[in-house]
Enquirer: 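Pasting a structure below so you can have a look.
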Protein chains: 2
Amino acid sequence: MMNLTIAEENYIKSIYKLEEEGQEAVSTNALAGELETKPASVTDMAKKLKEKKLISYEKYQGINLTAEGKKAALNIIRRHRLWECFLVDKLSFSWEEVHELAEELEHVRSEKLINRLSEFLGNPQIDPHGDPIPDAQGKMGKPRPQTPLDKARAKRLEVVAVSDKSTALLEFLNAKGIRLGTQLDVIERYEFDNSIELKIRNQPAFTISEQVSKNIMVKPI
Amino acid sequence: MMNLTIAEENYIKSIYKLEEEGQEAVSTNALAGELETKPASVTDMAKKLKEKKLISYEKYQGINLTAEGKKAALNIIRRHRLWECFLVDKLSFSWEEVHELAEELEHVRSEKLINRLSEFLGNPQIDPHGDPIPDAQGKMGKPRPQTPLDKARAKRLEVVAVSDKSTALLEFLNAKGIRLGTQLDVIERYEFDNSIELKIRNQPAFTISEQVSKNIMVKPI
DNA sequence: ATAATTATTTAGATTTACCTAAACTTTATT
DNA sequence: AATAAAGTTTAGGTAAATCTAAATAATTAT
C-alpha cells in the first residue's frame with residue numbers, strides 16, 4: 001500500500017463519502033465544501049492524487065476513486081471506526097465526542113496496530129454510530145440508509161426524509177425552511193431537553209425540540 | 001497550553017532528553033543529531049520556539065527549556081509512555097515494537113483522552129522500558145537507580161531499562177533474550193574494545209559491544 | 001443561441017519545515 | 001596569540017499544502 005500524507009488521506013476519505021452519497025463524479029466545489037478548503041486547493045490535490053493513481057480525474061469532469069483509491073479509503077474508514085469503538089467501549093467516551101479524536105488517531109498507519117486493536121475490541125462489525133466497519137480485506141457491510149436527526153452524530157447533515165406527515169409538523173418545517181435536500185449545521189445539542197440548535201445556510205440559527213428532531217431523517221453530508 | 005505542531009513537539013521532547021542526559025545547554029549540533037536533521041534547521045526552529053517562550057536561546061549559546069517548555073515536554077512524554085503501556089499491556093505488542101508507534105500516537109493532543117487512557121491502564125507508574133510516567137500535573141517519579149552496563153562493576157545484574165529505543169537495538173536485545181528484568185552475569189570485560197561477555201541463565205555466553213552495553217541500564221541484584 | 005451565472009482552473013503568494021553552501025563564531029591546538 | 005578545526009548561523013532554495021485573484025470553461029436562464 002502506498003504511503004499517503006494526512007492531507008491526502010483526508011481527501012480520499014471525503015471523496016469516498018461523497019461518492020457514497022450518490023455523486024456520480026465528485027465536483028471540485030463539493031469536495032472543497034466537505035473539506036472546508038477552497039476549490040483551487042482541491043484542483044491542486046486532484047492532480048497529485050491522479051499522479052498517484054488513486055483517483056481518476058479530468059479537468060472540469062470531477063473526481064472518482066480508482067479501485068486502489070477505494071481500497072485506501074476503506075482502510076482509513078476502518079481505522080477511524082475502530083478507534084471510535086475503542087474510545088466508547090474502553091475509555092467510556094460518549095458517541096458525539098469520539099469523531100474528532102478518531103479523526104486524528106485514524107492517521108496512525110499500521111496494519112498490525114489496527115488489526116490488533118480490532119481483535120482487542122472483539123472484531124466489532126459496527127461503530128458507535130451504527131456505521132459498518134470494513135474488515136482487514138476492505139469488505140464492509142451496507143451503510144445504514146438514514147438516521148433520525150436526534151440520533152445523528154455528524155455536524156453537517158442533509159435532510160433525506162420526514163417520517164411524521166402531519167400538517168402541523170410539515171408547516172413548522174416549511175416555516176423554518178427545512179425540506180428534502182436541505183443542508184443543516186448542528187450548532188448545539190442541549191442535554192436537558194434534547195432540543196437542537198440548527199443553522200441553514202444564510203439564515204439565523206434556531207432551535208427545535210426533540211419531538212421534531214426525531215421525525216427528521218438525515219444523513220451526513 | 002499552547003498548540004504545538006508535531007515538529008515542535010519533537011524538538012521539545014529531544015531538548016528535554018538531552019538536558020536530562022546532562023547537557024547544560026543543548027547544542028545545535030547535538031539536537032540535530034538527536035532529531036536526524038541538519039544544524040541549520042535546528043537554528044530555524046530554535047528561533048520559533050524562543051518566540052513561543054518554550055526555550056531560552058541566544059545565538060551560539062545553546063538551548064534550554066523554560067518552565068513552560070519543560071511542562072510541555074513532560075506532557076508529551078506522558079502521552080508517549082502511556083501509549084506504550086497500552087500497546088504492550090492491551091494489544092500484546094512486544095517492547096521493541098512500540099516505540100515507533102507511540103511516536104505517532106503521542107501527537108494526538110487531548111487531555112481527556114490521555115487521562116482516560118491512563119485510568120484504563122490502571123494509572124501505571126512506569127512504561128514497558130522501565131521509564132517513569134509523568135502524572136497529569138507533570139510530576140514524574142525519579143528514574144530507578146540504574147547504571148549503564150558498560151559502567152557497572154557488579155558481576156550479577158538485572159536489566160532495568162534500555163535508553164536507546166531504536167528498533168534496531170531493541171530487536172538485537174530481543175534476539176539475545178535481553179529484556180526488562182532479565183538477569184545477567186558478566187563473564188568478562190575486554191579492555192581493548194570495551195566489549196563484554198555475558199551469560200543469561202540456561203543459555204550459552206555471548207559478547208556485546210560497548211555501543212550496546214552503553215544503552216543497557218542495569219542494577220546490581 | 002447568447003448572455004449571465006456558476007464552477008473550475010491557473011498563476012502567483014504564503015507558511016512550515018526542511019535543505020545546501022557560504023559566512024561567521026567559538027574552541028582547541030600548536 | 002595565531003591559526004586550525006569544529007560548531008553555528010545566515011542566505012537563499014525546495015516541497016507540501018494552503019490561499020487569493022484572475023482567467024477560463026460549463027451550465028443555466030433569457
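Just so we're on the same page: letters track the sequence lines, and every chain starts at 1. None of the values given here were measured: they were computed from a predicted structure.
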Enquirer: Just distance, no hydrogens or angles: give the donor-acceptor pairs under 3.5 Å from side chains in residues 126-136 of chain B, sequence neighbours left out.
Expert:
unit_1, atom_1, unit_2, atom_2, d
B:D127, OD1, B:H129, N, 2.7
B:D127, OD1, B:G130, N, 3.0
B:D127, OD1, B:D131, N, 3.0
B:H129, ND1, B:E84, OE1, 3.0
B:H129, NE2, B:W95, O, 3.1
B:D131, OD2, B:K165, NZ, 3.1
B:D135, OD1, B:Q137, N, 2.8
B:D135, OD1, B:G138, N, 3.0
B:D135, OD1, B:K139, N, 2.9

Enquirer: Taking side chain to side chain donor-acceptor pair (under 3.5 Å) as the definition, give me every residue that meets it alongside B:Y60, ordered by chain and number, with sequence neighbours left out.
Expert: none

Enquirer: Residues two or more places apart in sequence or in another chain: which of them pass side chain to side chain donor-acceptor pair (under 3.5 Å) with B:K70?
Expert: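 Checked B:K70 against side chain to side chain donor-acceptor pair (under 3.5 Å); zero matches.
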
Enquirer: Please report, to 0.1 Å, the donor-acceptor pairs under 3.5 Å made by any side chain of residues 35-47 of chain B, with sequence neighbours excluded.
Expert:
unit_1, atom_1, unit_2, atom_2, d
B:T43, OG1, B:P39, O, 3.3

Enquirer: Considering only heavy atoms, which members of residues 4-33 of chain A lie under 4.0 Å from some atom of DNA chain D?
Expert: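 Residues of residues 4-33 of chain A that come under 4.0 Å of DNA chain D are, in numerical order, A:T5, A:A7, A:Y11.
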
Enquirer: Can you list, by residue number, the residues of residues 36-50 of chain A that have a non-hydrogen atom closer than 4.0 angstrom to DNA chain C?
Expert: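 A:P39, A:A40, A:T43, A:K47, in order of number.
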
Enquirer: Using the test ring pair (Phe, Tyr, Trp, His ring centres under 6.0 Å), find all partners of A:Y11 that sit at least two apart in sequence or belong to another chain.
Expert: none

Enquirer: I'd like to check the side chain to side chain donor-acceptor pair (under 3.5 Å) partners of B:S94; sequence neighbours left out, ordered by chain and number.
Expert: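 Residues passing side chain to side chain donor-acceptor pair (under 3.5 Å) with B:S94: B:E96, B:E97.
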
Enquirer: Only pairs at least two apart or in different chains count here, so list each side chain to side chain donor-acceptor pair (under 3.5 Å) that has a residue in residues 19-30 of chain A.
Expert: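 For residues 19-30 of chain A: A:E19-A:N64.
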
Enquirer: Taking the six-membered ring of A:F120 (Phe, Tyr or Trp), confirm whether the NZ or CZ of A:K90 is under 6.0 Å from its centre and within 45° of its axis.
Expert: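 That pair qualifies as a cation-pi contact.
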
Enquirer: First and last nucleotide of DNA chain D in contact with chain B, 5' to 3', at under 4.0 Å to a heavy atom: what are they?
Expert: D:dG7 to D:dT10

Enquirer: Using the test side-chain contact (heavy atoms from CB on, under 4.5 Å), find all partners of B:E58 that sit at least two apart in sequence or belong to another chain.
Expert: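 Partners of B:E58 by the side-chain contact (heavy atoms from CB on, under 4.5 Å) criterion, ordered by chain and then number, come out as B:K50, B:Q61.
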
Enquirer: Taking the axis from the first five pairs and the axis from the last five, what angle separates them in the helix from C:dA1-D:dT30 to C:dT30-D:dA1, rounded to 10 degrees?
Expert: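 That helix gives 10° between its end axes.
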
